[in-house]
Amino acid sequence: MRAIIIGAGIAGLAAALRLRQIGWESLIIERAPQRRGGGYGVTFGGIGYDAAERMGILPALQAKAFVTKELVYHKANGQRDFSLTRETIAATMGSRSMNILRGDVEIVLYEAVCDTTEIRFGTTLTAVTQDDHSVHVTLSDGTTEHADLLIGADGLHSATRALAFGPEEDYRLSLEHMVAVYMLDKRPAAIEEGTTGTLSAGGRTVAVISVGDGRNVAFFGYRTTRGIDSPQDDPHTVLPAVYGDLGWVVPEVLAGMRTAESVYFDTISQMVLDRWSRGRVVLLGDAAWCVTLFAGYGSSLAVGGADLLGTALQDNPGDIHAALTAWEAGLRPEVDKKQKLGRRVKGVYAPANPFVLWLSQVPLRLAALPPVRRYMARRYIKG
Ligand SMILES: Cc1cc2nc3c(=O)[nH]c(=O)nc-3n(C[C@H](O)[C@H](O)[C@H](O)COP(=O)(O)OP(=O)(O)OC[C@H]3O[C@@H](n4cnc5c(N)ncnc54)[C@H](O)[C@@H]3O)c2cc1C
């Protein structure tokens, strides 16, 4: 059995690994000229953690995970407000969960498949047709390929989805925020190694996350109703305009964007499709659902979803339709739950009103109190 996978991100690489484990061959098509990497710190847990354990990549992921010693919240004027300790953070995450750079999840998966799976970089998909027996694709390098299954793991702005399901606008639910992320060459002196510093003011959040091995991520997330029109906007112009009035480490972090290798800048939007497959074409990861960073679960769902897809194909040999139906029925409730969480978090994320901001931070402020902190530490130590 053979699959063509569009996208060598977390979802695509995880699918290739899982399919190989059930005896399938895969061809991965990746638009970027080389492996991407980089990214931002993600919390990896839930069904992704279980799947990583089953697929045999958990030790490699754990070796790259980072621990945040302290998460420091700052007032609008830059002064330190309150903080969460390592134990409190760990207790809120639970024991089967880790913090890891998105690009490091990609590297682990890439290393697990690169010797056995062909990855064609600098190539995309231009046409898809299918019949009862196979799916046929035309690629941007002029070649054609066919397979038993086409997996669209090409992210939020999926070309597979556009070709096989219809235009993005038909499925996109804007959560009315923009996000920007890039790696900093240099950690601002005000941010201690191994810690995260964050500040929210006027409907904007900015954070610097120290993610281990001397690497640091700059993160920006802000409310805007014109988000869906602006992915083409240049973050070098937009971010200074949105954040330019803030002090603290913000001027230094904005200056760091000039030397960043790449800047991730996009709308925060969910994908809402009533079916994730059409015949022999199936969507996986952000292409299918994009629960968004508000749910903090997209990488976990990409790996967990790939694992369950492999299991469904294994359990339904020779019947792609039955496999995809069973896979979707099993995974939908988890995705629906996380999409709902993402929409709820949107409402309380970086509120513009200072009092609402304070209220939204009450659970965190409580967690920072010594008795609560001690309780959480005890819970954490018990595992
Ligand atoms: C700031 C931020 C914080 C986040 N935090 C968390 C978190 O705490 N926990 C968590 O679990 N998740 C988190 N996520 C979400 C998570 O990163 C994504 O959900 C996950 O990486 C999805 O992976 P994917 O493979 O589906 O998509 P992508 O990572 O978008 O990968 C798609 C791949 O397809 C390629 N591609 C795109 N178009 C084409 C094309 N036309 N042809 C060929 N290739 C193509 C791309 O180059 C890319 O390699 C966060 C996301 C953001 C933005």
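Small disclaimer: the values here were computed from a predicted structure and weren't measured. Whatever order the structure lists ligands and atoms in, that order sets their numbers, starting from 1. Numbers for residues simply follow the sequence, beginning at 1.
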Take R54 and T311, measure what side-chain hydrogen bond (donor to acceptor under 3.5 Å, both in side chains) needs, and give me the verdict at the end. CA-CA 11 Å; R54 277 195 294 273; T311 304; 5.6 Å; no
If you round to the nearest 0.5 Å, how far is CG of L175 from CE of M178? 12.5 Å
Which ligand 1 atoms are under 4.0 Å away from a heavy-atom of G285? 26 (O)
Of all protein heavy atoms, the one nearest atom 6 (C) of ligand 1 is V42 CG1, 3.4 Å
Which ligand 1 atoms, with their elements, are less than 4.0 angstrom from a heavy-atom of I10? 21 (O), 25 (O)
For the ring pair Y40 and F219, is the centre-to-centre distance below 6.0 Å? no
Parallel under 30°, tilted from 30 to 60°, perpendicular over 60°: which one fits the rings of H74 and W248? tilted
Looking only at non-hydrogen atoms, the one of T160, D154, V105 nearest atom 36 (N) of ligand 1 is D154
Would you call F44 a ligand 1 contact, heavy-atom distance under 4.0 Å? no
Nearest neighbour in protein (non-hydrogen) for atom 29 (O) of ligand 1: R102 NH1, 3.4 Å
Among protein heavy atoms, which lies nearest atom 31 (O) of ligand 1, and at what distance? G9 CA, 3.7 Å
Closest to atom 27 (O) of ligand 1 (heavy atoms only, candidates G152, G41, G155) is G155
Atoms of ligand 1 under 4.0 Å from any heavy atom of Y264, numbered from 1 in the order shown, are 53 (C)
Looking only at protein heavy atoms, which one is nearest to atom 18 (C) of ligand 1, and what is the separation? D286 OD2, 3.4 Å
Compare K338, R31, E30 and give the one whose heavy atom is closest to atom 46 (C) of ligand 1. E30
Is there a nitrogen or oxygen of L293 sitting under 3.5 Å from a nitrogen or oxygen of ligand 1? no
Within a distance under 4.0 Å of any heavy atom of I29, pick out the atoms of ligand 1 and give their elements. 43 (C), 44 (N)
One pair to check against side-chain hydrogen bond (donor to acceptor under 3.5 Å, both in side chains): D266 and H157. What are the steps and the verdict? CA-CA 10 Å; D266 208 339; H157 307 295; 2.7 Å; yes
Does a side-chain N-to-carboxylate-O contact under 4.0 Å join R96 and E53? yes
Relative to atom 17 (O) of ligand 1, which among Y40, Y297, F220 owns the nearest non-hydrogen atom? Y40
Which residue and atom name correspond to the protein heavy atom nearest atom 15 (C) of ligand 1, and how close is it? G298 CA, 3.9 Å
Report, in ascending order of atom number, the atoms of ligand 1 lying under 4.0 Å from any heavy atom of A153. 32 (C), 33 (C), 34 (O)
Sidechain N-carboxylate O distance under 4.0 Å for R161, D154: no
Need the ligand 1 atom indices (1-based, order shown) with element for anything under 4.0 Å from a heavy-atom of S300. 11 (O)
Short side-chain to backbone donor-acceptor contact, K346 and S174, under 3.5 Å: no
In the protein, what heavy atom is nearest to atom 48 (C) of ligand 1, and what distance, to one decimal place, separates them? R36 NH1, 3.2 Å
Tell me whether T123 reaches ligand 1 (any heavy atom closer than 4.0 angstrom to a ligand atom). yes
Inter- and intrachain pairs under ring-ring contact (aromatic ring centres under 6.0 Å, His included), touching residues 288-313, at least two apart: H177-F294, W276-W289, F294-Y349
Determine whether a donor-acceptor pair (N or O, by modelled atom type, separation under 3.5 Å) exists between the side chain of R280 and the backbone of D148. yes
Report the nearest protein non-hydrogen atom to atom 16 (C) of ligand 1: residue, atom name, distance rounded to 0.1 Å. S299 OG, 3.4 Å
The protein heavy atom nearest to atom 34 (O) of ligand 1 is G7 CA, 3.3 Å
I want to confirm something. Looking only at heavy atoms, which of L125, T124, I5 is nearest to atom 42 (N) of ligand 1? T124
Nitrogen or oxygen of A11 less than 3.5 angstrom from that of ligand 1: yes
Is R204 paired with D245 through a side-chain N to carboxylate O contact shorter than 4.0 Å? yes
Relative to the heavy atoms of V179, which atoms of ligand 1 are at a distance of less than 4.0 Å? 1 (C)
Exam field: side chain S210 to backbone G194, donor-acceptor pair closer than 3.5 Å: yes
Flag the pair R332 and E334 as a salt bridge only when some basic side-chain nitrogen lies within less than 4.0 angstrom of an acidic carboxylate oxygen. no
Electrostatic pair R35:E111 at N-O distance under 4.0 angstrom: no
The atoms of ligand 1 lying under 4.0 Å from a heavy atom of V181, numbered in the order shown, are 1 (C)
Sidechain N-carboxylate O distance under 4.0 Å for R275, E328: yes
Tell me which part of I6 gets within contact of ligand 1: side chain, backbone, both or neither, using heavy atoms under 4.0 Å. side chain
